[in-house]
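Below: the structure, in structure tokens.
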Amino acid sequence: MSNKSPIVCHLTCKVIDFFGDIGVAWRIAKQLKVDFNIEVHLLVDDLVTTKRLIPSIDLSLQKQTINGINIYHCDFSEDSTSLPPPPDFVFNLFNIDLPHSYKTLIKRKKSKYIAIEYLSAEPWVDNFHLKPSIDPQSGLIKTFFYPGFTNQTGGLIREKGLFLRREAFDQSRRKELIQSLGGDPNLYSISLFYYPIQKIEVFLDVIDHIKKPAQFFIPQYLFDLLKLKNNYQFIHIIPYPFLNHDDFDILLWSCDLNFVRGEDSWTRAIWAGKPFIWQPYIQENDIHLIKLKAFLKRYCEACDQDLSEILIKMHDDWSNNKFNEVLWRDFFKQQARLEAFVLKQSHHYFKEASFVDSLVDYCYET
Ligand code: TRH
């Protein structure tokens with residue numbers, strides 16, 4: 001591909017569950033458009049979930065353009081007739097099954113077919129990044145493209161200007177955000193974004209019992225789903241409406257501790273440079289705990305041994321619904337050390353190539 005011809009791409013997104021499929025798709029689509037002025041056609045099968053992330057979406061439209069990004073409502077069934085013909089590049093987010101007819105068109109057009117995989121810190125990712133694979137049915141060659149934590153992968157999703165935006169975020173903006181959500185800027189602030197299997201009311205009772213004055217920002221839909229109570233002695237529960245990506249970042253930047261999950265909020269917590277606890281997307285046979293262990297091993301490499309052990313214990317406690325009161329009491333005493341460590345880690349990852357930069361470089365090189 002010459003450096004001159006503009007890239008036109010399809011980005012396919014099948015919403016499996018929760019918000020990460022479209023969350024990551026929208027993040028990538030925005031960066032391709034804003035940072036590289038690439039013509040993006042986002043093909044997505046679930047506009048209702050998409051509307052959470054892109055409130056201006058019109059559910060009745062087959063095709064619409066938002067923020068310069070062309071969004072098609074498609075289905076990816078084998079007999080689908082909703083998929084437009086592929087352009088020069090097809091980015092298959094999370095390597096979903098695509099209809100044979102569409103794959104045949106990709107092959108005939110000789111489009112570059114890239115399967116974007118899930119984020120993992122596991123060592124094997126380095127060896128699979130950029131590996132080709134032949135689709136047995138269509139003979140189509142696809143290239144695996146992995147986000148990751150090393151320079152042997154595509155790197156982490158990070159749009160240009162994020163670091164400067166975060167650095168420009170000051171106490172007055174923090175105060176404004178906290179108050180806009182109904183909180184007290186002087187209180188220790190925790191954002192809670194977790195999977196519904198969490199026995200969150202047990203956790204909240206433990207924090208109230210250790211008499212830790214704090215406010216918890218919880219997405220309104222999770223608060224409603226679990227019918228949480230709100231009559232604690234030392235803690236305050238503040239449900240908040242689903243925020244757009246930028247405001248969600250600002251919430252993470254404003255809090256003293258962030259509980260995040262899945263893939264995209266996990267990455268955003270790393271960029272926030274604030275202490276965080278990550279709950280991996282739950283998988284069968286506890287595969288998600290293997291991912292968690294691999295991440296903590298890599299992330300805590302540059303950390304004091306005792307702080308690393310604390311982070312491992314807290315993640316084990318959180319991902320297994322233990323909520324050990326002594327552990328949490330000690331954990332909060334480590335705030336200053338944790339803040340220094342995670343901020344240093346965010347600076348470390350800010351120096352690495354970003355995922356979409358790597359993806360675009362690859363497209364121009366092939
Ligand atoms: O919602 P998730 O659990 O999504 C999951 C994971 O991505 C997982 O890897 C994937 O396999 C599964 O979906 C299908 O968590 P995640 O990845 O953090 O995505 C949530 C998105 O929602 C993210 O883009 C952040 C966004 N968000 C907001 O923009 N505003 C909000 O108020 C909240 C609570 C989330």
Side-chain angles (χ1 to χ4, degrees), residues 6-109 111-118 135 137-138 140 142 145 157 159 219-221 241-248 262-265 281 355-356 359 363:
I7 293 178
V8 181
C9 72
H10 276 182
L11 175 61
T12 60
C13 172
K14 181 176 178 58
V15 176
I16 310 288
D17 56 8
F18 302 116
F19 306 109
D21 303 293
I22 188 61
V24 173
W26 187 230
R27 189 98 52 201
I28 290 173
K30 285 184 291 183
Q31 187 174 355
L32 285 168
K33 177 63 188 169
V34 172
D35 291 356
F36 299 95
N37 197 28
I38 284 173
E39 186 181 320
V40 184
H41 299 264
L42 174 57
L43 281 52
V44 60
D45 61 342
D46 173 352
L47 290 191
V48 173
T49 304
T50 299
K51 193 167 180 63
R52 281 287 191 128
L53 276 292
I54 316 171
S56 56
I57 274 268
D58 182 331
L59 297 179
S60 66
L61 294 180
Q62 178 78 19
K63 183 188 173 194
Q64 55 199 298
T65 302
I66 293 178
N67 298 0
I69 293 159
N70 306 290
I71 300 172
Y72 295 74
H73 185 201
C74 302
D75 77 84
F76 299 108
S77 59
E78 194 47 45
D79 56 358
S80 173
T81 56
S82 57
L83 295 172
D88 299 337
F89 290 87
V90 175
F91 303 140
N92 179 347
L93 183 63
F94 299 149
N95 195 18
I96 59 171
D97 290 335
L98 292 170
H100 179 63
S101 56
Y102 182 72
K103 288 192 285 190
T104 305
L105 286 175
I106 293 175
K107 192 176 178 205
R108 190 177 304 154
K109 177 128 184 11
S111 306
K112 194 73 191 158
Y113 182 37
I114 292 169
I116 297 175
E117 279 293 350
Y118 292 99
D135 179 282
Q137 188 192 32
S138 63
L140 184 62
K142 71 181 163 185
F145 213 90
I157 297 177
E159 66 278 19
Q220 183 74 50
Y221 87 94
F242 205 87
L243 301 169
N244 65 38
H245 266 171
D246 289 345
D247 290 340
F248 185 66
E263 177 148 342
D264 193 52
S265 59
Y281 177 74
F355 179 79
V356 175
L359 181 64
C363 291

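All residue numbers refer to positions in the sequence shown, counting from 1.
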request  = Kindly determine whether Ile116 and Ile28 satisfy side-chain contact (heavy atoms from CB on, under 4.5 Å), including the steps that lead there.
outcome  = CA-CA 11 Å; Ile116 297 175; Ile28 290 173; 4.2 Å; yes
ask   = Counting distance only, does the side-chain N/O of Ser80 pair as donor-acceptor with the main-chain N or O of Asp75 below 3.5 Å?
value = yes
message = Show the nearest heavy-atom pair for residues His245 and Asp264, with the distance to one decimal.
response = NE2-OD2, 3.7 Å
inquiry  = For the CG atom of Asp79 and the OG atom of Ser101, what is their distance to the nearest 0.5 Å?
reply    = 9.0 Å
inquiry  = Using side-chain contact (heavy atoms from CB on, under 4.5 Å), reason through Glu263 and Phe18 one step at a time and then give a plain yes or no.
reply    = CA-CA 11 Å; Glu263 177 148 342; Phe18 302 116; over 6 Å; no
Student check: side-chain heavy atoms of Ile22 and Val44 closer than 4.5 Å = yes
key: Side-chain donor or acceptor of Lys51 paired with backbone N/O of Ile57 under 3.5 Å   = yes
remark   = Closest heavy-atom pair, His73 versus Ser82, reported as atoms and distance to 0.1 Å, is O-CB, 4.3 Å
remark   = Residues at least two apart in sequence or cross-chain that pass side chain to side chain donor-acceptor pair (under 3.5 Å) with Asn92, listed by chain then number, are Thr12, Tyr113
note = d(Ile71 CD1, Leu47 CG) to nearest 0.5 Å is 8.0 Å
request  = Measure the NE2-CG distance between His10 and Leu98 for me, rounded to the nearest 0.5 Å.
outcome  = 11.0 Å
ask   = Do you know the tightest heavy-atom contact between Gln64 and Ser56?
value = OE1-O, 4.3 Å
inquiry  = Side chains of Phe76 and Leu43, heavy atoms from C-beta outward: is any pair under 4.5 Å?
reply    = yes
query = Atom SG in Cys13, atom CG in Asp46: separation rounded to 0.5 Å?
reply = 8.5 Å
ask   = With a 4.5 Å heavy-atom cut-off, do Phe91 and Leu359 have their side chains touching?
value = yes
query = So, Lys14 and Asp21, do they make that salt bridge, N to O below 4.0 Å?
reply = no
inquiry  = Within the structure provided, determine whether Asp45 and Cys74 are in side-chain contact (heavy-atom separation under 4.5 Å).
reply    = no
remark   = Sorted by chain and residue number, the side chain to side chain donor-acceptor pair (under 3.5 Å) partners of Ser60 (sequence neighbours excluded) come out as Asp58
Only pairs under 3.5 Å count here: list side-chain donor-acceptor contacts from residues 32-40, not counting sequence neighbours, and write none if there are none.
| from | atom 1 | to | atom 2 | distance (Å) |
| --- | --- | --- | --- | --- |
| Lys33 | NZ | Asn37 | OD1 | 3.0 |
| Asp35 | OD2 | Gln31 | NE2 | 3.3 |
| Asp35 | OD2 | Lys160 | N | 2.8 |
| Glu39 | OE2 | His41 | NE2 | 2.7 |

request  = Could you list the residues that satisfy ring pair (Phe, Tyr, Trp, His ring centres under 6.0 Å) with Phe355, not counting sequence neighbours?
outcome  = Phe145
message = What I want to check is whether the side chains of Thr65 and Asn70 have a donor and an acceptor closer together than 3.5 Å.
response = yes
Check: Tyr281 and Asp17 side chains under 4.5 Å, non-hydrogen atoms = yes
note = For Lys112, the side chain to side chain donor-acceptor pair (under 3.5 Å) test, sequence neighbours excluded, returns none
query = Would Gln62 and Tyr72 count as a side-chain contact (heavy atoms from CB on, under 4.5 Å) if you check the C-alpha gap in whole Å, the side-chain angles of each, and the deciding distance to 0.1 Å?
reply = CA-CA 6 Å; Gln62 178 78 19; Tyr72 295 74; 5.8 Å; no
ask   = Atom CZ of Arg108 and atom NZ of Lys103: how far apart are they, to the nearest 0.5 Å?
value = 14.5 Å
query = If every non-hydrogen atom of Pro85 is compared with every non-hydrogen atom of Leu105, which pair is closest and at what distance?
reply = CA-CD1, 4.5 Å
task = Indicate yes or no: at least one non-hydrogen side-chain atom of Phe89 is less than 4.5 angstrom from one of Ser111.
result = no
key: side-chain contact (heavy atoms from CB on, under 4.5 Å) assessment of Lys109 paired with Asp88   = CA-CA 8 Å; Lys109 177 128 184 11; Asp88 299 337; 3.1 Å; yes
task = Only counting residues at least two apart or in another chain, list the ones meeting side chain to side chain donor-acceptor pair (under 3.5 Å) with Lys142.
result = Asn95
request  = Indicate yes or no: at least one non-hydrogen side-chain atom of Asn67 is less than 4.5 angstrom from one of Trp26.
outcome  = yes
Minimum heavy-atom distance Arg27-Ile157, with the two atoms named = CG-CG2, 3.5 Å
query = Is there a side-chain contact between Phe94 and Val24, using heavy atoms and a 4.5 Å cut-off?
reply = yes
task = Please work out which of the three classes, parallel, tilted or perpendicular, describes the rings of Tyr221 and Phe242, given edges at 30° and 60°.
result = tilted
request  = Ignoring hydrogens and angles, tell me if any N or O in the side chain of Glu78 forms a donor-acceptor pair with the backbone of Pro99 under 3.5 Å.
outcome  = no
